[in-house]
Number of protein chains: 2
Amino acid sequence: MLENSEAETRYQALVSKFRAREYRITPQRLAILRLLAESTDHPSAGRIYQELCDRFPTMSLATVYKTLAVLKEMGEVLELSLGEGENRYDGHNAVPHPHLICTRCGKILDSDVVLDQDVIATAAKASGFKILSHRLDLYGVCPECQKAESGE
Amino acid sequence: MLENSEAETRYQALVSKFRAREYRITPQRLAILRLLAESTDHPSAGRIYQELCDRFPTMSLATVYKTLAVLKEMGEVLELSLGEGENRYDGHNAVPHPHLICTRCGKILDSDVVLDQDVIATAAKASGFKILSHRLDLYGVCPECQKAESGE
DNA sequence: TTAAGTGCAAAGGTTTTGCGAAACT
DNA sequence: AGTTTCGCAAAACCTTTGCACTTAA
């Protein structure tokens with residue numbers, strides 16, 4: 001695999017943040033951080049576990065969840081609770097951004113559209129809430145599933 | 001309680017839709033529909049169950065979940081999976097609209113800000129997705145919890 | 001060396017399901 | 001009367017936790 005410098009940078013940043021907080025750098029954690037940095041498909045805890053099992057025969061699901069909990073607490077991973085099946089995780093980019101979710105195949109893509117800050121400011125003013133974060137999910141059918149459907 | 005015509009209208013609409021689909025009209029379902037039509041606080045299944053237990057000593061949580069499943073399938077209730085604790089349900093207004101979620105007390109308010117359709121159209125065009133629905137959650141601290149915090 | 005992390009298995013909480021009894025149409 | 005629905009209990013499912021063992025610092 002050629003170097004993916006974006007993923008590499010993200011990986012190094014995550015490792016640095018672990019070090020800065022004096023969390024211990026274990027092989028398991030490094031593997032999870034690397035996978036999260038490289039993934040753009042928003043894997044679930046189970047998926048992360050599966051992928052790492054080959055390389056780490058002793059990897060456990062508990063360790064995956066515990067590491068994800070640390071990352072959540074650090075604000076370095078977005079947890080997407082979809083209401084069906086497992087939660088999905090975005091550690092590639094922890095800054096809130098919209099997600100495109102295919103209701104047929106479960107695929108999740110990042111969207112680069114920008115949510116108008118006016119929307120948030122207006123809502124904050126009208127409600128008195130101090131808004132700290134947000135989440136925008138767009139549900140629909142991905143191009144592949146559209147093709148599969150029309151072909152049937 | 002004075003008549004709340006908005007809630008009453010919504011209740012009648014839900015009952016009509018059950019009839020139209022030839023789903024049976026049972027006292028349990030009527031009670032759940034009424035509660036959903038009247039609620040603006042996005043109750044969980046457990047909450048709905050509790051509230052109705054007094055009036056229906058034999059009400060069961062399974063029936064609440066089964067009725068919610070029917071409503072979901074009909075597209076008459078929004079299910080909000082928050083990732084912690086129970087899912088919350090909005091049957092008062094099933095048209096997608098933003099929610100303000102207090103991360104301190106769990107309160108959920110409807111927001112009447114409108115999500116710019118351009119955002120959705122742009123995301124659809126860029127990704128090739130056929131977008132059918134969306135969800136915008138704004139997380140923050142509600143006025144009451146802000147007050148409680150500053151008072152401490 | 002020692003405090004933190006791992007990994008197994010068990011517990012926890014929410015939601016779904018199977019099935020006999022009840023009840024809507 | 002014939003299905004659908006109810007409601008109990010059990011199962012399913014995802015996630016968290018307790019604890020003895022291991023390991024990073």
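Chain letters run A, B, ... following the sequence lines, proteins first and then strands; every chain starts at 1.
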Determine the contact category for T58(A): base if any of its heavy atoms lies under 4.0 Å from a base atom, sugar-phosphate if only primed atoms, P, OP1 or OP2 are that close, otherwise nothing.
sugar-phosphate

Rounded to the nearest angstrom, tell me the gap between atom CD in E84(B) and atom P in dT14(C).
12 Å

Nucleotide by nucleotide, 5' to 3', does protein get under 4.0 Å of the base (B), only the sugar-phosphate (S), or neither (-) in nucleotides 18-25 of chain D, counting heavy atoms?
B-----BS

Quick one: pull up NE2 in H134(B) and CD1 in I131(B) and give me the separation to the nearest 0.5 Å.
10.0 Å

Strictly by modelled atom types, are D112(A) and H97(A) linked by a side-chain donor-acceptor pair under 3.5 Å?
no

Assign each of L61(B) and Y49(A) the nucleotide of DNA chain C bearing its closest heavy atom; nearer the 5' end lies the nucleotide of Y49(A)

Side chain of T63(A), backbone of M59(A): donor and acceptor closer than 3.5 Å?
no

Between Q28(B) and R88(B), which residue's closest nucleotide on DNA chain C lies nearer the 5′ terminus?
R88(B)

What is the distance, to the nearest angstrom, from the CG atom on L30(B) to the P atom on dA23(C)?
15 Å

What is the distance, rounded to the nearest whole Å, between atom CZ of R29(B) and atom C1' of dC6(D)?
9 Å

Interatomic distance where CG belongs to L82(B) and P belongs to dC14(D) [whole Å]
19 Å

Could you state the CD-P distance from E22(B) to dT5(D), rounded to the nearest angstrom?
11 Å

In whole angstrom, what separates L80(A)'s CG from dC14(D)'s P?
17 Å

Look at N87(A) and dT15(D) and indicate whether a side-chain polar atom (N or O) is within less than 4.0 Å of OP1 or OP2.
yes

For a salt bridge (charged side-chain N to carboxylate O under 4.0 Å, His left out) check, start with the C-alpha distance between R21(B) and E73(B), then their side-chain angles and the critical distance, and finish with the verdict.
CA-CA 12 Å; R21(B) 297 216 181 190; E73(B) 178 256 319; 3.1 Å; yes

E38(B) versus H92(B), side-chain donor and acceptor atoms under 3.5 Å
no

Please give, in whole Å, the distance from dG12(C) P to E86(B) CD?
17 Å

Report the distance from atom OH of Y65(A) to atom P of dA10(C), rounded to the nearest whole Å.
18 Å

Between E76(A) and L14(A), is there a donor-acceptor pair closer than 3.5 Å when you use the side chain of the first and the backbone of the second?
no

Is there a path from Y11(B) to V77(B) through hydrophobic residues (I, L, V, M, F, W, Y) whose side chains come within less than 4.5 Å of each other?
yes

